[in-house]
Trainee: 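This is the structure I have questions about; it appears just below.
Order of appearance sets the numbers: ligands from 1, and atoms from 1 within every ligand. Computed from a prediction, not measured in an experiment: that's the story for all the values here.
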Amino acid sequence: MNVERGIGGLRELLAARRSTSIGLVPTMGALHEGHLSLLHAARDECDTVVMSLFVNPAQFADESDLDRYPHDEERDFELARDAGVDVVFAPSADEMYPPGFQTWVEVTELGSMLEGVHRPGHFRGVATIVLKLFAIVRPTALYFGQKDAQQVEVIRRLIRDFALDVELRVLPTVRDADGLALSSRNARLSRSERERALVLPRALATGDPEAARTLLESSNGLVVDYVERVDFDPPVLAGAVRVGSTRLIDNIVLEGDST
Ligand code: PAF
């Protein structure tokens with residue numbers, strides 16, 4: 001497995017592989033089973049697997065959230081190697097945002113609802129970095145998790161609007177045995193916070209926005225940011241709650257619901 005820090009080096013490395021299929025799995029590190037499922041799918045489906053590892057400052061509205069984001073590069077490299085990744089692209093912030101950087105991608109409507117209300121600028125940061133990664137790696141397939149349903153929808157829109165020649169592959173949310181969707185932020189939960197957080201997947205599992213809201217609002221120690229049915233492709237029941245200082249999002253796909 002190669003680790004590349006520079007855009008030039010990565011391009012050189014990929015030059016010989018241009019005639020093959022290239023899968024890109026964008027990550028911010030702190031890999032868990034959810035990321036591994038994306039890496040395994042990319043390994044099965046593509047000749048070359050590139051994983052990016054970049055904690056993108058532009059998508060963190062809250063500086064303390066960025067500072068607290070878990071980092072363990074060596075562990076992530078190890079997991080990536082075990083998953084059969086060919087190249088990890090792990091650039092510095094200066095490599096991705098060189099001095100004078102001022103070009104941003106805004107997915108206007110989709111980026112300003114739900115998460116966009118609570119994390120202004122978040123999807124501008126996501127869309128910009130994903131487009132830049134796309135331009136650098138030029139993958140044939142891009143891999144994302146359904147856990148971040150709105151992110152998937154934003155990227156789907158970006159691909160359509162800019163006519164990007166790439167297949168979007170979306171893999172199901174991976175959950176712990178207790179039902180909590182895997183997230184790098186789960187590590188911040190104390191035992192009692194985790195217990196409280198479990199109401200989120202249970203509420204969403206009702207499949208009904210009203211029932212889910214009632215359950216969430218009647219639970220102690222949770223602040224509900226939103227719980228809504230959203231007409232994404234596919235439609236989802238999405239929710240976001242705060243447990244202590246940790247914010248968690250989750251969604252379930254509303255199967256067979258085409259309205
Ligand atoms: O989902 C994530 O980890 C990030 O939003 C992504 C797609 C890697 C962009 O920084």
Trainee: In terms of atom number and element, which parts of ligand 1 are under 4.0 angstrom from non-hydrogen atoms of Gln151?
Mentor: 1 (O), 2 (C), 4 (C), 5 (O), 7 (C)

Trainee: With atoms numbered from 1 as shown, which atoms in ligand 1 lie under 4.0 angstrom from a non-hydrogen atom of Met28?
Mentor: 3 (O), 4 (C), 8 (C), 10 (O)

Trainee: I need the atoms of ligand 1 closer than 4.0 Å to a non-hydrogen atom of Thr27, numbered in the order shown.
Mentor: 8 (C)

Trainee: Leu24 versus Val166: any side-chain heavy-atom pair under 4.5 Å?
Mentor: no

Trainee: Kindly assign one of parallel, tilted or perpendicular to the pair Tyr226 and His118, based on the angle between their ring planes and the thresholds 30° and 60°.
Mentor: tilted

Trainee: For atom 4 (C) of ligand 1, which candidate among Gln59, His35, Met51, His122 holds the nearest heavy atom?
Mentor: Gln59

Trainee: Parallel, tilted or perpendicular: which fits the ring planes of His35 and His32, with parallel below 30° and perpendicular above 60°?
Mentor: tilted

Trainee: If you count every heavy atom of other residues, nucleotides or ligands that lies below 6.0 Å from Arg138 atom CZ, does the total exceed 12?
Mentor: no

Trainee: Does Val154 reach the side chain of Leu158, with side-chain heavy atoms less than 4.5 Å apart?
Mentor: no

Trainee: Counting each atom of ligand 1 from 1 as listed, which ones have a heavy atom of Ile129 under 4.0 Å away?
Mentor: 9 (C), 10 (O)

Trainee: Would you say the side chains of Arg188 and Thr246 form a donor-acceptor pair under 3.5 Å?
Mentor: no

Trainee: Which atoms of ligand 1 have any heavy atom of Pro26 under 4.0 Å away?
Mentor: 8 (C)

Trainee: Find all atoms of ligand 1 within a distance of less than 4.0 Å from any non-hydrogen atom belonging to Phe144, and give their numbers and elements.
Mentor: 7 (C)

